[in-house]
Structures are given as C-alpha cells and as structure tokens.
Amino acid sequence: MIRFMSRVRISILTACLLLTCLTASGLTLAKDGKPTALVVVSATPSPSAKEAVKVLVEHLAQISEATFKVVDDTKLNDDETYIAVGESTLTRNLGVTTDGLGPGGIIVRTFPKALVLLGADQRTPTDPQGAQYAVTTFLEDHLGVRFLWPGELGKVVPKRPTIRIGEINHRFTPRLLQRRIRMGGSFTRRMEIGAQRLGVTGADFKRVMTPAKTTESYDLGWGRWHRMGGSLRLASGHSFGHMWEKYAEQHPEWFALAPGGSRDQSNSPERSRLCVSNPDLIKAITDELIAKINRTKQSSVAIGPNDGGTTSFCSCKNCEALDAPSERKIELIDFSPGANRRKYDHVPLTDRYVHFWNGIAERVTAVHPKTWLTADAYSAYRFPPINIKLHPNIAIRFVGVSYLNEQRRREGIADWDAWGKAASKIYFRSNLLLAGRRQGTALVYVHKLAEDFSKLAPNRMIGTDLDSCLHHWATQGLNYYVMARLLWNPQLDIDALLGDYCRAGFGGGADAVKRYFLRLESLTDKIAANELAVYDPFVPGTVAELRDLLDEAAHSTRKGSDAHRRVGFLRVGLEYTAKYADVFRAWNKWVDAGGGRLTTEQRQVFREVIERNWHSSRDIFENQPLAVNVTSVAWGSWGYFGRMGWSKPSAEVLQKWR
C-alpha cells in the first residue's frame with residue numbers, strides 16, 4: 001500500500017512537472033515549414049470566427065509556409081495540439097468563456113496543448129467581431145505581423161518556418177464602444193473632378209487602386225485589421241437638408257433672417273439655415289421625427305444643423321436673445337445680396353442651438369423616452385454652452401481639435417471638458433485627420449495626438465467617428481496608423497509605438513526613418529504655432545535635409561528588400577511635397593505682387609512648376625497610388641492653377657502618358 005501511494009505521488013508529481021514544462025516551454029504551432037497543430041472551430045461558428053480562421057490560416061502559411069488544416073471541434077483527437085478560434089465545446093471544456101467581456105472583448109490564452117483565440121462576438125451585438133480582433137492581436141503581439149499601410153508593401157510578415165510561442169494569458173475589452181475612422185478614397189464626385197484634372201477616368205482609378213490594395217493573405221482590410229468596429233447606434237449627420245423645399249412656401253418665417261433682412265435660402269437650399277428660436281418650427285421638426293421613429297423603430301435620430309452653404313445664420317431678435325454674452329468671439333458671414341460676404345464678429349451661437357435641440361428632445365422623449373438624439377459641437381456652435389445644459393438624451397459629436405493651429409488645439413481640449421459637464425454622452429467626431437487634405441503634403445503630429453487622446457478617451461468619450469483617412473500614406477500614414485492603434489488602446493506609449501513602426505517597417509534604416517518622422521513633426525509643430533500653410537516649411541534647404549535622412553535610411557537597408565522599398569515609398573511622398581511647395585511658392589509670389597495680369601515670364605515660370613507637379617502626380621497615380629491620393633488633391637487645390645493661366649498640360653507632357 002505504501003509503495004502504491006508512493007507510485008501515485010510520483011505519477012502526480014510527474015504529471016505536474018510535465019504540465020509545468022509544457023506551459024513554460026510554450027507551444028510549437030509549426031516546425032520546419034510543417035504544421036504541428038490543427039485549427040479548430042465550433043461546428044456552428046460565429047460569422048466573426050469564420051472570417052478569423054481564414055485570416056489566421058493564411059497568415060500562418062505566409063509566415064511558415066505550413067498549410068494548416070481546419071476542423072470542427074467534434075473531429076479532434078485527445079492528443080492533438082490545436083488552435084481554437086471562437087467559442088466552442090473545446091474552449092468551454094478548458095474553462096474559457098466570454099463571460100464578463102464587453103463589446104469587442106477578446107481572449108488570447110495558451111494551455112499545454114492549445115492556443116485559444118476568441119471574442120465576445122454575437123453576445124455583444126454592438127461589436128460582434130471579437131474573434132477577428134483576437135486573431136489580429138495574436139498575429140501582431142506574438143508573431144510580429146504589422147500592417148503599416150494598405151497593400152502588400154505595407155504588410156510586415158516575418159518569415160519563420162518554425163512557429164513557437166510562450167505562455168499567454170491576455171484578456172481585454174476596448175474602452176471605446178465605437179472605434180471609427182472614415183476610410184475615404186472611394187470614387188466620389190470630388191474624386192471624379194480630380195481625376196478629370198489628372199486626365200484619368202474612374203476605370204483608371206479602379207485599375208490602379210485594386211492591385212495596390214491587394215495583399216497576399218486575407219486580412220479584412222487595413223481598418224478591420226486594426227480592430228476598427230463597434231457601433232454606438234447613434235444616428236448622426238446634418239439633418240435638415242429637406243426643409244427649404246418642403247416648407248419655404250408656407251413657412252418662410254421658419255428660416256434664418258439674414259442681416260440684410262431676407263429669409264431667402266434659395267442660393268443654397270440643401271444647406272438652409274433655420275430660425276431656431278421659432279416654436280412652430282421646433283414642433284414641425286418634432287412631429288417629423290416622431291413619425292420617423294414610429295415607422296422605423298430606430299433608437300436614435302440626428303438633429304445636427306446643416307453645414308456650410310451660402311446662407312447666413314439667423315439675426316432675428318428672438319434668436320439673438322438666446323445667445324449668451326461671452327468674451328469669446330466667432331466670425332460670421334453675411335451672405336445678404338450686396339453684402340459681398342461681409343465678415344463680422346459675434347458671440348458663439350451655442351446657447352441658441354442648445355435651446356433648439358432641447359426643445360426637440362423634450363417633445364420626442366415625451367413619446368419615446370429611450371430615444372437618443374445627436375447634435376454637433378461644431379461651426380458657430382462649437383464652443384460649450386454658458387447658460388444652459390443639454391437634455392439628458394442628447395449625445396454630442398465633438399468636432400474641435402486641430403493639429404494645424406496650436407491655439408485651436410488647446411481650446412479644443414479645454415472645451416471637451418466643458419462639453420462633458422453639459423452633455424451626458426460625447427463622442428469624438430473630429431476632422432483632425434483631414435489636416436492638409438487638399439494638399440497631401442507631409443505632416444506628422446503623433447505625439448500631440450497621443451497626448452490628447454490619452455486625456456480625452458477616459459473623460460466621457462464613448463466612441464469616435466473621425467474624418468477621414470484620405471490615403472496619403474507616404475506623407476501622413478504614420479498619423480493614420482497611430483490613431484488606429486490608440487482607438488484600441490488609448491494609453492499606448494507613443495515613443496514605443498513609433499520605435500516599433502520604424503523597426504518593423506524599415507529594418508536597418510529604422511533610426512534614420514525615426515529621425516525623418518521627428519523632423520517632419522517639428523515642421524508640423526512650426527505650422528501649427530505660426531499658422532503657416534502646410535507647404536510653407538518645405539523650402540529647398542529643409543527638403544535637402546529630409547532627403548539626406550532618407551538617403552541614410554536607404555543605405556542602411558539591403559537594396560531590393562521590403563525595408564529598402566518602404567524607404568522609397570516615403571521618398572515618393574517627400575518629392576511630391578517638394579514639387580507641390582514649389583507651385584504654391586510661385587503662387588504666393590504672384591499674390592504678394594498684387595495678383596495682377598501675368599507677364600510672359602511669370603506665365604512660363606508657372607507652367608514649368610505646375611507641369612512638374614502634374615507630371616509627378618500622374619506618375620504617383622500610375623505607379624504608387626497609395627503614396628499620395630493625388631486625385632483628391634487635384635480636386636482640393638488645383639482649381640487655383642487656372643488663375644495662374646494654366647488649364648491643362650502641354651502636348652509634350654501629355655504625350656508621355658499616352
């Protein structure tokens with residue numbers, strides 16, 4: 001009996017030691033290009049798990065050249081090593097569940113013979129992609145995969161015929177319920193205008209963009225890879241574009257009274273301004289919204305005012321009476337006939353708009369008490385209210401914060417706090433990624449971005465809707481990358497993240513590339529501090545300094561390697577920036593001289609610099625379309641070129657592209 005008990009103790013000890021060794025030494029998933037584990041999913045996997053399996057298997061194959069077999073959890077032998085993707089009988093038997101995970105939450109965990117990758121998925125319908133997030137998190141954090149920018153050149157996939165991982169026990173739920181960056185770049189009307197100026201078509205756009213964004217392994221696209229997702233289920237947008245057409249004839253008094261005395265909005269009917277103090281207008285809007293909610297059963301409605309246009313804000317005595325006295329001033333424009341777009345200072349209009357929104361919210365929630373309404377801290381009502389708080393069912397989209405104007409940035413951060421005290425929900429609807437959108441020039445502001453986001457995210461932020469990634473990847477791509485990573489974890493160390501980006505993407509050239517980015521950041525800070533144009537700092541001496549840094553990076557990488565080619569990608573962005581700056585330096589000289597009739601000599605100078613820019617842009621479009629979204633730039637700022645006597649490229653330049 002004593003001998004038997006001794007044997008039992010030895011067996012238990014042996015088993016414990018074996019378990020400890022297996023856990024401590026980790027798991028081998030592939031060896032010498034052969035799989036040593038199966039990929040397992042539930043017999044009835046979630047949609048997210050199905051997608052996640054494809055992402056995992058293809059990237060494991062790209063890393064190790066091993067072809068992994070996928071089976072459901074009913075076909076696994078007891079002695080096999082496996083990777084469990086998504087919830088299944090296997091994961092439940094291991095004691096791993098998603099209980100307690102919030103929307104978008106993930107688990108990445110190892111066991112002696114298993115790796116578990118799962119997420120909350122359909123248990124959290126506002127963010128059902130957890131399994132995908134778990135897979136991309138594992139590929140990044142433990143296998144070194146990086147997705148710096150779209151396309152295969154932007155993917156960093158280390159080659160490892162043997163894949164061995166250590167012990168992992170990671171459980172995480174993202175703080176933000178909605179992590180959204182608007183991924184611009186589709187062929188909109190604006191892009192069509194830009195394409196025409198470049199001499200290309202929509203078919204050309206598709207021809208170059210589709211292969212540029214294609215990658216070897218299935219990855220869900222750059223945004224989904226970086227765990228963009230979640231939904232606040234809050235309707236949003238500019239909401240009253242139909243008002244003039246519907247109500248102008250019967251109720252002209254519902255529309256803004258311009259300083260000149262007219263309420264006519266026909267110059268910009270889809271962007272009409274309203275007389276927001278009018279109680280009958282508030283009732284009519286409320287009736288529309290209640291009918292819409294009754295019909296659609298939606299849980300939220302947008303009440304954001306119309307944007308832009310050529311109509312004035314209301315100057316009637318009732319609207320003016322709602323405005324709170326303030327030392328802060330905004331600039332309004334009088335679009336009255338004969339006013340010549342006169343600009344004048346005014347106190348912020350926020351209090352009058354909060355009165356308007358509250359009036360709508362009180363009526364809507366009297367019928368539908370759980371309905372949320374969304375409005376905007378934007379335009380002439382961007383500053384916080386002074387004498388009035390928002391109805392508790394109103395969520396605010398906060399637009400402030402700019403990285404091209406330091407004073408505006410600091411005001412925006414302070415205003416966030418004040419809006420947070422006035423509103424029960426606030427989400428970040430910033431235009432910060434649109435910095436330089438019409439120019440596409442090189443800008444970097446990642447340290448300020450990380451500093452601000454680490455403060456804002458824990459302070460009442462429930463999500464983001466950031467406008468927009470315009471695909472200037474060789475000039476502003478670092479900003480996009482950092483923003484995406486901060487959405488998942490707002491407390492990331494920016495210096496560690498920047499160092500990792502440079503090491504992963506540029507190998508031996510990492511140090512020089514990091515100094516290149518930091519120099520661009522100092523130039524961006526200079527733009528913001530002095531309110532300069534985005535091309536002003538790029539004078540020949542500065543451009544030469546930046547070229548030297550990229551030369552150093554190129555010399556530190558093996559010619560033909562991915563790292564070397566990525567340095568070349570950055571160089572495309574720098575050379576584009578230099579040519580664009582040349583054009584607008586010539587433009588500014590002309591403006592400073594009075595902007596009069598062009599001399600023959602001036603016309604020739606303009607033609608030369610513009611055609612260099614056009615030729616460079618067309619070359620980027622054809623050969624590096626992700627470096628700078630030149631069709632967007634051609635829409636955004638090339639209209640100026642006509643004032644310099646240029647309408648289209650010379651026959652000689654055009655011939656090069658035929």
Side-chain angles (χ1 to χ4, degrees), residues 19 22-23 26-31 34-64 66-143 145 163 165 167-174 217-221 224-225 227 229-231:
L19 179 61
L22 284 168
T23 304
L27 288 173
T28 300
L29 305 180
K31 186 174 182 180
K34 304 291 184 183
T36 56
L38 294 172
V39 176
V40 183
V41 293
S42 168
T44 56
S46 69
S48 177
K50 285 183 180 180
E51 294 275 283
V53 164
K54 187 174 181 182
V55 173
L56 177 67
V57 167
E58 292 198 14
H59 282 84
L60 290 177
Q62 189 175 354
I63 292 168
S64 66
T67 302
F68 284 76
K69 185 178 179 181
V70 181
V71 300
D72 71 50
D73 59 350
T74 64
K75 300 177 180 177
L76 183 72
N77 295 326
D78 291 340
D79 61 342
E80 292 181 293
T81 299
Y82 60 92
I83 307 170
V85 180
E87 286 195 280
S88 65
T89 301
L90 282 175
T91 61
R92 286 187 287 273
N93 288 342
L94 288 170
V96 181
T97 73
T98 58
D99 294 346
L101 285 181
I106 65 170
I107 294 172
V108 180
R109 185 175 174 184
T110 53
F111 291 85
K113 294 181 72 66
L115 166 66
V116 173
L117 305 170
L118 57 82
D121 291 4
Q122 291 157 304
R123 291 195 183 189
T124 55
T126 59
D127 196 352
Q129 310 300 334
Q132 296 172 24
Y133 305 154
V135 164
T136 58
T137 297
F138 168 70
L139 290 171
E140 285 185 343
D141 291 354
H142 302 283
L143 298 188
V145 180
I163 300 177
I165 58 172
E167 184 177 0
I168 307 169
N169 189 359
H170 179 63
R171 184 183 180 95
F172 180 82
T173 294
S217 299
Y218 183 66
D219 51 38
L220 306 166
R224 289 270 294 280
W225 175 278
R227 300 165 287 274
S231 174

**Message:** Once salt bridge (Lys or Arg N to Asp or Glu O under 4.0 Å) is applied, what residue pairs with a partner in residues 126-141 remain, sequence neighbours excluded?
**Reply:** Asp127-Arg179, Glu140-Arg227
**Request:** Of all the heavy-atom pairs spanning Val85 and Val41, show the shortest one and how long it is.
**Result:** O-CG1, 3.6 Å
**Residues which pass salt bridge (charged side-chain N to carboxylate O under 4.0 Å, His left out) with Asp219, listed by chain and number, not counting sequence neighbours** = Lys155
Which donor-acceptor pairs under 3.5 Å do side chains of residues 50-57 form with protein atoms, sequence neighbours excluded?
from  : atom 1 : to     : atom 2 : distance (Å)
Glu51 : OE1    : Tyr218 : OH     : 2.6
Glu51 : OE2    : Tyr218 : OH     : 3.3

**Asked** Looking at CD1 of Ile107 and CZ of Phe172, how far apart are the two atoms once the value is rounded to the nearest 0.5 Å?
**Response** 13.0 Å
**Request:** Spell out, as yes or no, whether a donor-acceptor pair under 3.5 Å connects the side chain of Thr110 to the backbone of Ile168.
**Result:** yes
**Prompt:** Which atom pair, heavy atoms only, marks the closest approach of Ile163 to Ser64?
**Reply:** CD1-CB, 3.8 Å
**Item:** Donor-acceptor under 3.5 Å (Thr136 side chain, Trp225 main chain)
**Value:** yes
**Message:** What's the separation between atom OH in Tyr133 and atom OG1 in Thr173, rounded to the nearest 0.5 Å?
**Reply:** 11.5 Å
**Asked** Does Ser42 reach the main-chain N or O of Thr44 with its side chain, forming a donor-acceptor pair under 3.5 Å?
**Response** yes
**Fill in**
The side chain to side chain contact (heavy atoms under 4.5 Å, CB included) partners of Thr74 (sequence neighbours excluded) come to Asp72
**Fill in**
Heavy atoms of Pro128 and Ser48 approach each other most closely as O-CB, 3.3 Å
**Request:** Starting at CD1 of Ile83, measure out to CG of Leu115 and round the result to the nearest 0.5 Å.
**Result:** 5.5 Å
**Message:** Suppose we screen for side-chain hydrogen bond (donor to acceptor under 3.5 Å, both in side chains). Which residues come up paired with Arg109, at least two apart in sequence or across chains?
**Reply:** none
**Request:** Enter the distance from Arg171:CZ to Ile106:CD1 here, rounded to the nearest 0.5 Å.
**Result:** 10.5 Å
**Item:** Distance, nearest 0.5 Å, that separates NZ of Lys75 from CD of Glu80
**Value:** 13.0 Å
**Prompt:** Mind checking what makes side-chain hydrogen bond (donor to acceptor under 3.5 Å, both in side chains) contact with Thr91, not counting sequence neighbours?
**Reply:** none
**Message:** Restricting to side chain to side chain contact (heavy atoms under 4.5 Å, CB included), what partner residues turn up for Thr89, sequence neighbours left out?
**Reply:** Asp73, Arg92, Asn93
**Prompt:** At their closest point, which heavy atom of Ala66 faces which heavy atom of Ala30, and how far apart are they?
**Reply:** CB-CB, 4.2 Å
**side chain to side chain contact (heavy atoms under 4.5 Å, CB included) partners for Lys69, two or more places apart** = Leu38, Val71
**Fill in**
Nearest heavy-atom contact between Ser217 and Glu58 is OG-O, 3.2 Å
**Test side-chain hydrogen bond (donor to acceptor under 3.5 Å, both in side chains) applied to Thr36 - qualifying residues, sequence neighbours left out** = none
**Request:** Would you please name every residue forming a salt bridge (charged side-chain N to carboxylate O under 4.0 Å, His left out) with Asp79, sequence neighbours left out?
**Result:** none
**Request:** Among residues two or more places apart or on two chains, list those pairs meeting salt bridge (Lys or Arg N to Asp or Glu O under 4.0 Å) that have a residue in residues 93-103.
**Result:** Asp99-Arg123
**Request:** Could you give me the CA-CA distance, side-chain angles and deciding distance for Asp121 and Thr98, then say whether side chain to side chain contact (heavy atoms under 4.5 Å, CB included) is met?
**Result:** CA-CA 9 Å; Asp121 291 4; Thr98 58; over 6 Å; no
**Sequence-distant partners of Ala114, side chain to side chain contact (heavy atoms under 4.5 Å, CB included), two or more places apart** = Tyr82, Leu94, Phe111
